[in-house]
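See structure below.
Throughout, protein chains are lettered first and strands after them, A, B, ... in sequence-line order, and every chain is numbered starting at 1.
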Amino acid sequence: MSSQNVRVRFAPSPTGGLHLGGVRTALFNYLFAKKHHGSFVLRIEDTDQTRFVPGAEQYIIDCLNWCGIAPDEDPHRPGNYGPYRQSERKEMYRAYAEQLVEKGYAYYAFDTPEELEKMREQFKSEKNPSPQYNHETRLKMSNSLSLSKEEVEKKLSTNQAFVIRIKMPEHGEIHLHDMIRGDVSFQANLVDDKVLLKADGMPTYHLAVVVDDHSMEITHAFRGEEWLPSAPVHVLLWEYFGWKEKMPKWAHFPLILKPDGQGKLSKRDGDRLGFPVFAMDWLDPKSGEMTKGFKEMGFLPNAFINMLALLGWNDGTGKEIFTKEELIQQFTIERIHKGGAKFDFEKAKWYNQEWIKSSDNELLLPLIKNILHNNGIDADSKILNKVIPITKERCHLLNDFVAQLKYFFIDPTEIDVDAVKPKWDENKSSFFHTLIQEMNNIPNWTAEEVEKCFKETATKLQFKPGDVQLPFRIMLVGGKFGPAVFEISSIIGKNSTIRRIQQGIDLFNK
RNA sequence: GGCCCGUUGGUCAAUCGGUUAAGACGCCUCCCUUUCACGGAGGAAUGAGGGGUUCGAUUCCCCUACGGGCUACCA
């Protein structure tokens, strides 16, 4: 295979927020394309007009952009294979479907939804709870196989609604080579006569995916495992159209599962367990409901894709932190797992923390500044530059910076009184009074000077510095956390330090 | 029910017939630190079950069990 012309596609339907699993599918496509110097295309599968959600398409593109895996070709940046929305390709599908009917590989079916329902009721049994439209039942239904030529002509000429169904063979096996799973085979007669063209003239996924992958010259078709059962239909279609030689190589990715219980991870699980499932905030235009995204939750895009890539894939060395470039370099479809993986938000946060720790100030500063601003704190960049490096190892999420940084800019609003009060007495009170006086005499307000002053005062009043250091920290910070106290004191300055000590004394004396 | 896919610690997972069955997250202990974290050192914890094949199976095959997906004019 020539590496030059690799073309892969991510083909979501614009029906709502972009799910983790969707992003990972997009990511694997992207990595594969980039590794082989090929093209990554975004195709919008909007053939179900009843499920169309305005804004969802742009949202998907926004998500991919945020992740840093923007497509090379999409509806806004078309290449030579447009249109990139299936709704705009509508005309071509009918001709292909008709072509199949002519060749005898498909047929017209006139059954109404009610009739289909009736059939399913009628043939339903304990042994067969969901009867199919297949070689066993199709002659009992209303279609161009069961009806006379005249009847069919009449229905067609009177514009009676119809669909086109594939006529699955009654014998033989259909083989498929999956890059992850190897050979997979299906009994042809066990697959039903799937609808190819719907009554509204739109194709179903089955027709569209084959026609479009062919006309867009897709070389590798990657999708979630949920598509495996219908893969034989697609393989057959490639054959029936006479395109078998150009059929893309397949790979079906394992599913991302719920952390607890079992089943596919859904948006509901995120709501229930308190973590995001969508890449970015999604505002449903119909319900007005807002669903949290990884971005807004405080994830770095590189951490997000790193985490996703390692959910079901690894390079075999035990390495876990990868830049996007490293992922592109190391990625192979064959090393993707076969089994589904339960999503673990704790591990996801660990990835983010690793990325925060190793990210440069230039990258972090604008993001943090913005988050602080949204929390009512307008932080000075000069101070932020000093303070981010000494607090970032404490943050799993970008939003954690609010708590870790707040006290550098404003006096603490919540003070952990309980950590001090039990051991607070007259002597400590007077120590801090003295400390204020001594501090007033410090000419150069540096961490070293503050520390020296603090310890000398403590010794002078016969305190072990450690006994008064915790109250000092709590006065400045509000709680038992943060970098070295004297460092903090030096950064917030003499005035703020003294003010907070005074406030602390007042509070603890109460 | 049928079809398809899967199954190594709580979770993510390495191993491509021979290992004391890696590593990571989480958890626990200790060290560093008179805060929290980072860092460091330890610890508990894994091959679903049964048959084969083989000198030797986590690894290959079969069966069972379990889990998941699909079974729409949705993708």
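- The distance from atom OH of Y205(A) to atom P of C74(B) is 14 Å, rounded to the nearest whole Å.
- Counting only heavy atoms from C-beta on, R394(A) has its side chain closest to C36(B) among C73(B), C36(B), A24(B).
- Contacts between residues 477-485 of chain A and RNA chain B, defined by a heavy-atom separation below 4.0 Å, involve K480(A), F481(A), G482(A), P483(A), A484(A), listed by number.
- You'll find the ring centres of F222(A) and F28(A) outside the 6.0 Å limit.
- For the pair R165(A) and Y133(A), the distance from NZ or CZ to the six-membered ring centre is under 6.0 Å and the angle to the ring normal is within 45 degrees.
- When heavy atoms are screened at a 4.0 angstrom cut-off, P12(A) is found touching no nucleic acid atom at all.
- Comparing P203(A) and Q469(A) by the nucleotide of RNA chain B that holds the closest heavy atom to each, the one mapping nearer the 5' end is Q469(A).
- Distance CD1/I390(A) to CG/L405(A): 8.5 Å, rounded to 0.5 Å.
- Contact check, K194(A) against C73(B): no side-chain N or O comes under 4.0 Å of OP1 or OP2.
- Residue-level contact check: V163(A) touches the bases, meaning some heavy atom is under 4.0 Å from a base atom.
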Using a 4.0 Å cut-off on protein heavy atoms (strictly under), produce a 5'-to-3' string for nucleotides 4-14 of chain B with B for base contact, S for backbone-only sugar-phosphate contact, and - for none.
SBS----SSSS

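- Atom CD of Q160(A) sits in a crowded spot, with more than 12 heavy atoms from other residues, nucleotides or ligands closer than 6.0 Å.
- As a whole-Å value, the separation of H396(A) NE2 from C25(B) P is 10 Å.
- Atom-to-atom distance recorded for Q86(A):CD and M202(A):CE is 8.5 Å, nearest 0.5 angstrom.
- Counting to the nearest Å, the P atom of C25(B) and the NZ atom of K319(A) are 15 Å from each other.
- One atom, CD of E334(A), and another, P of U15(B), lie 14 Å apart when rounded to the nearest Å.
- Distance, H234(A) NE2 to A75(B) C1': 10 Å, rounded to whole Å.
- Here the two rings, on F275(A) and F343(A), have centers that are under 6.0 Å apart.
- Atom OH in Y407(A) sits roughly 13 Å away from atom P in A37(B) (whole-Å rounding).
- The 12-atom threshold is exceeded at NZ of K392(A), counting heavy atoms of other residues, nucleotides or ligands nearer than 6.0 Å.
- With a 6.0 Å cutoff to the six-membered ring centre and a 45° limit on the axis angle, K421(A) does not count as a cation-pi contact of W424(A).
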